[in-house]
Amino acid sequence: QVQLVESGGGLVQAGGSLRLSCAASGSIFSVNTMGWYRQAPGKQRELVAHITSGGSTNYADSVKGRFTISRDNAKKTVYLQMNSLKPEDTAVYYCNADIRRFSFSSSYNWWGQGTQVTVSS
């Protein structure tokens, strides 16, 4: 089995920063693309950022210039550094990873449990 464990969420004032972490564990051969999604109350889940195993990144327009996604392949961990936070960033943030458990098997998409980020005005 595979687990994605998230941490780093919390309450912060507008303009502040938070750093989210998500570590993959379990029977894993390789971790492909990893990313962060978020879902605000009453809204659909949306992609925030993702990063390939080679380090290529992609960001939602709403977070460009403020958020930075990175990863540590040795630790099988993805990070999301969030700066200049706005109340509009308030949401549950979910970690996502495409993981191949064995060299001979297909990869599958896994989700973390979600971590709450609340930005006060």
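Keep in mind it's a predicted model, so treat the numbers as computed, not measured.
- Side chain to side chain, Asp72 and Thr77 fail the donor-acceptor criterion of an N or O pair below 3.5 Å.
- When each of Leu20, Leu80, Leu11, Val92 is paired with Val117, the side-chain contact (heavy atoms from CB on, under 4.5 Å) condition holds for Leu20 and for no other.
- Atoms CG and OG, from Asn32 and Ser53 in turn, are 6.0 Å apart once rounded to the nearest 0.5 Å.
- Separating the NE2 atom in His50 from the OH atom in Tyr59 is a distance of 10.5 Å, to the nearest 0.5 Å.
- Relative to the ring axis of Tyr108, Arg100 does not place its NZ or CZ within 45° and under 6.0 Å from the centre.
- In this structure, the side chains of Ile69 and Gln81 stay at 4.5 Å or more apart for every pair of heavy atoms.
- When the side chains of ILVMFWY residues are joined at heavy-atom separations under 4.5 Å, either directly or via intervening members, Met34 and Ile28 end up in a single hydrophobic cluster.
- Residues Lys76 and Arg71 fail the side-chain proximity criterion, which asks for heavy atoms closer than 4.5 Å.
- Between Glu46 and Arg38 there is a side-chain heavy-atom pair separated by less than 4.5 Å.
- The pair Lys64-Asp61 meets the salt-bridge criterion, since a charged nitrogen lies less than 4.0 angstrom from a carboxylate oxygen.
- Using a 3.5 Å distance cut-off with no hydrogens or angles, the side chains of Asn83 and Ser17 do pair a donor with an acceptor.
- No hydrogens or angles considered: nothing links the side chains of Glu88 and Thr90 as a donor-acceptor pair under 3.5 Å.
- Separating the CZ atom in Arg101 from the OG atom in Ser106 is a distance of 12.5 Å, to the nearest 0.5 Å.
- Between Val12 and Gly16, the closest heavy-atom pair is CG2-CA, 3.8 Å.
- Counting only heavy atoms from C-beta outward, the side chains of Asn73 and Lys75 never approach each other to under 4.5 Å.
- Within the 4.5 Å cutoff, the side chain of Cys22 has heavy atoms near those of the Val78 side chain.
- Between Leu85 and Leu18, the closest side-chain pair of non-hydrogen atoms falls below 4.5 Å.
- Nearest heavy atoms, Ser121 versus Pro87: CB-CG, 4.0 Å.
- Across all their heavy atoms, Ala24 and Ile99 have their closest contact at CB-CD1, 4.2 Å.
- The number of heavy-atom neighbours closer than 6.0 Å to CD of Gln3, taken from other residues, nucleotides and ligands shown, is 12 or below.
- Residues Asn109 and Asn96 form a side-chain contact, since some pair of their non-hydrogen atoms from C-beta on lies under 4.5 Å apart.
- Using a 4.5 Å cut-off between side-chain heavy atoms of Ile, Leu, Val, Met, Phe, Trp and Tyr, with links allowed through other members, Tyr94 and Val63 fall into different hydrophobic clusters.
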For this session: Check the pair Ser107, Asp98 against side chain to side chain donor-acceptor pair (under 3.5 Å), reporting the backbone distance first and the verdict last.
Result: CA-CA 6 Å; Ser107 63; Asp98 187 60; 3.1 Å; yes
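- Ring pair Trp36/Phe67: centre-to-centre distance not below 6.0 Å.
- Residues Thr115 and Glu6 approach most closely at N-OE1, 3.4 Å, considering heavy atoms.
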Exercise. After noting the C-alpha distance and the side-chain angles of Ser105 and Phe29, does the key distance pass the side-chain contact (heavy atoms from CB on, under 4.5 Å) rule?
Worked result: CA-CA 9 Å; Ser105 64; Phe29 176 77; over 6 Å; no
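- Of all heavy-atom pairs spanning Val5 and Gln113, the tightest one is CA-OE1, 4.1 Å.
- At a cut-off of 3.5 Å, with distance as the only test, no side-chain donor of Tyr37 or Arg45 sits close to an acceptor on the other residue.
- Hydrophobic clustering of Ile, Leu, Val, Met, Phe, Trp and Tyr side chains at less than 4.5 Å, counting indirect connections, unites Trp110 with Val31.
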